[in-house]
Amino acid sequence: MLAPALTNALTIDVEDYFQVSAFAPYIRRDEWDARECRIERNVERILQLLSERQVQATFFTLGWIAERYPHVVRQIVAGGHELASHGYGHERASDLSREAFHQDVTRAKALLEDLGGQPVLGYRAPSFSIGVGNLWALDVLAETGHRYSSSIYPIQHDHYGMPDSPRFAYRLENGLLEVPVTTVRMLNRNLPSSGGGYFRLLPYAVSRWMLRKVNREDRESAVFYFHPWEIDAEQPRIAGIDAKTRFRHYINIPRNEDKLRQLLDDFRWGRMDQIFLARAAVPVAKPA
Ligand SMILES: [Zn+2]
């Protein structure tokens with residue numbers, strides 16, 4: 001007999017196309033307000049897509065966005081989704097002092113809770129920027145009332161990653177739950193299989209195979225993520241960027257919405273808090 005299908009976590013990092021970390025060398029922070037904003041229409045499309053399929057998801061939202069587009073936050077909450085934090089200003093946690101990180105996550109949490117009218121329990125660091133050099137950030141998250149984080153990516157990557165850390169949800173000694181985005185274990189390595197540029201790059205059948213493998217062989221819920229700008233083929237092009245950044249950002253965007261629809265149909269999806277916070281038994285571990 002087949003085991004019942006696991007529910008996987010669908011997560012959206014709510015930030016606009018000009019805020020991605022890879023563009024930081026090209027777009028100054030003080031230019032953000034002057035850029036054409038695409039977040040409203042893109043989040044609306046996502047909410048429509050989810051409501052058609054009666055899927056509830058977790059939206060890791062930037063405080064910067066919430067402050068300027070409060071109705072986007074209210075629409076997310078009204079749709080029955082979990083509102084979680086992506087920090088205030090999308091600075092990599094690894095670029096901030098402990099004090100500055102404390103300020104950033106406190107400010108974002110307060111803003112989101114004010115607008116959303118519900119406690120914000122989850123946090124995801126911009127660009128998965130918690131790792132060996134700044135594990136203190138996990139203590140700051142616990143101190144500031146977060147219950148879980150999804151910030152340590154157990155892969156090798158040029159911008160982030162902690163390849164030997166646990167692949168599935170684990171409890172830290174400070175009580176915080178860390179829920180990594182999903183990898184597949186192959187050839188003695190963890191391969192990214194949970195969204196972002198990899199999902200756009202790989203044929204859909206490969207992504208589906210990897211998520212099924214996690215559900216069937218690891219018997220674990222997967223954590224998948226994407227960004228609103230990843231379904232926006234009409235976003236303004238950023239000029240003068242290097243070839244690698246251009247490839248990573250724009251590859252297969254026009255096809256991505258169709259792939260996401262297929263993904264929503266092929267698996268069962270839900271919110272991070274409902275899948276992971278209710279679990280009775282979670283192994284205690286240290287990121288390593
Ligand atoms: Zn981000």
Side-chain angles (χ1 to χ4, degrees), residues 9-29 31-32 35 37-40 42-43 46 57-69 72-73 76 81-96 100-101 104-105 107-109 111-112 120 122-131 134 137-138 140-141 146 148-155 157-162 178-182 192 194-201 223-232 235 238 241 244-245 248-251 253 256 260 272:
L10 185 67
T11 71
I12 297 103
D13 291 358
V14 180
E15 69 200 40
D16 219 334
Y17 65 97
F18 51 81
Q19 298 175 311
V20 304
S21 300
F23 286 161
Y26 306 100
I27 302 173
R28 289 201 325 268
R29 209 158 261 286
E31 291 170 36
W32 283 3
R35 296 269 163 179
C37 179
R38 312 275 300 174
I39 203 72
E40 297 165 281
N42 290 334
V43 169
I46 293 168
T58 293
F59 287 72
F60 291 102
T61 305
L62 276 188
W64 192 95
I65 294 284
E67 208 168 46
R68 285 159 180 80
Y69 305 97
V72 170
V73 172
I76 290 170
H81 305 287
E82 179 190 9
L83 184 65
S85 166
H86 197 33
Y88 180 81
H90 212 259
E91 278 149 316
R92 286 194 172 111
S94 47
D95 289 343
L96 297 177
F101 180 72
D104 182 278
V105 299
R107 184 180 183 192
K109 191 172 191 289
L111 256 168
L112 294 167
V120 164
Y123 170 81
R124 174 174 289 150
S127 303
F128 306 105
S129 55
I130 298 181
N134 62 343
L138 300 167
V140 174
L141 291 174
H146 297 84
Y148 76 89
S149 147
S150 179
S151 306
I152 300 179
Y153 206 161
I155 58 161
H157 185 282
D158 54 351
H159 291 164
Y160 46 75
M162 216 175 157
E178 172 61 29
V179 189
V181 293
T182 296
S194 40
Y198 300 103
F199 182 72
R200 283 182 284 124
L201 185 62
V223 178
F224 183 90
Y225 79 100
F226 69 100
H227 303 89
W229 55 263
E230 288 186 284
I231 57 162
D232 184 4
Q235 65 188 281
I238 308 298
I241 57 177
K244 184 162 95 172
T245 300
R248 281 184 176 174
H249 187 88
Y250 296 111
I251 180 81
I253 284 182
N256 206 37
L260 287 167
M272 291 284 279

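This is a predicted model, so every value here is computed, not measured. Scope of the values below: all heavy atoms of this structure, side chains included, with no hydrogens, waters or symmetry mates. Counting from 1, the numbers follow the sequence of the chain as shown. We count ligands from 1, going down the list as the structure has it; atoms in each ligand are counted the same way.
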Do side-chain atoms of D13 reach the backbone of H227 as a donor and acceptor pair under 3.5 angstrom?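 Absent.
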
N, O or S atom within H86 nearest to the Zn ion (ligand 1), by name: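 The closest N, O or S atom of H86 to the Zn ion (ligand 1) is NE2.
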
By atom name, which N, O or S atom of E15 is the nearest to the Zn ion (ligand 1)?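 That would be atom OE1.
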
CG-CE distance between L10 and M272, expressed to the nearest 0.5 angstrom: 10.5 Å

Using the benzene-type ring in the case of Trp, are the ring centres of F60 and Y225 under 6.0 Å apart?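 No - the distance between ring centres of F60 and Y225 does not fall below the 6.0 Å cut-off.
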
Can you confirm if the NZ or CZ of R107 lies within 45° of the ring axis of Y88 and under 6.0 Å from the centre of its six-membered ring?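 Positive - R107 is close enough to the ring of Y88 and near enough to its axis.
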
Any N/O/S atom, backbone or side chain, of D13 lying under 2.8 Å from the Zn ion (ligand 1)?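 It does not; every qualifying atom lies at 2.8 Å or beyond.
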
Metal check, the Zn ion (ligand 1) vs H90 N/O/S, cut-off below 2.8 Å: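 Checking H90: at least one N, O or S atom is under 2.8 Å.
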
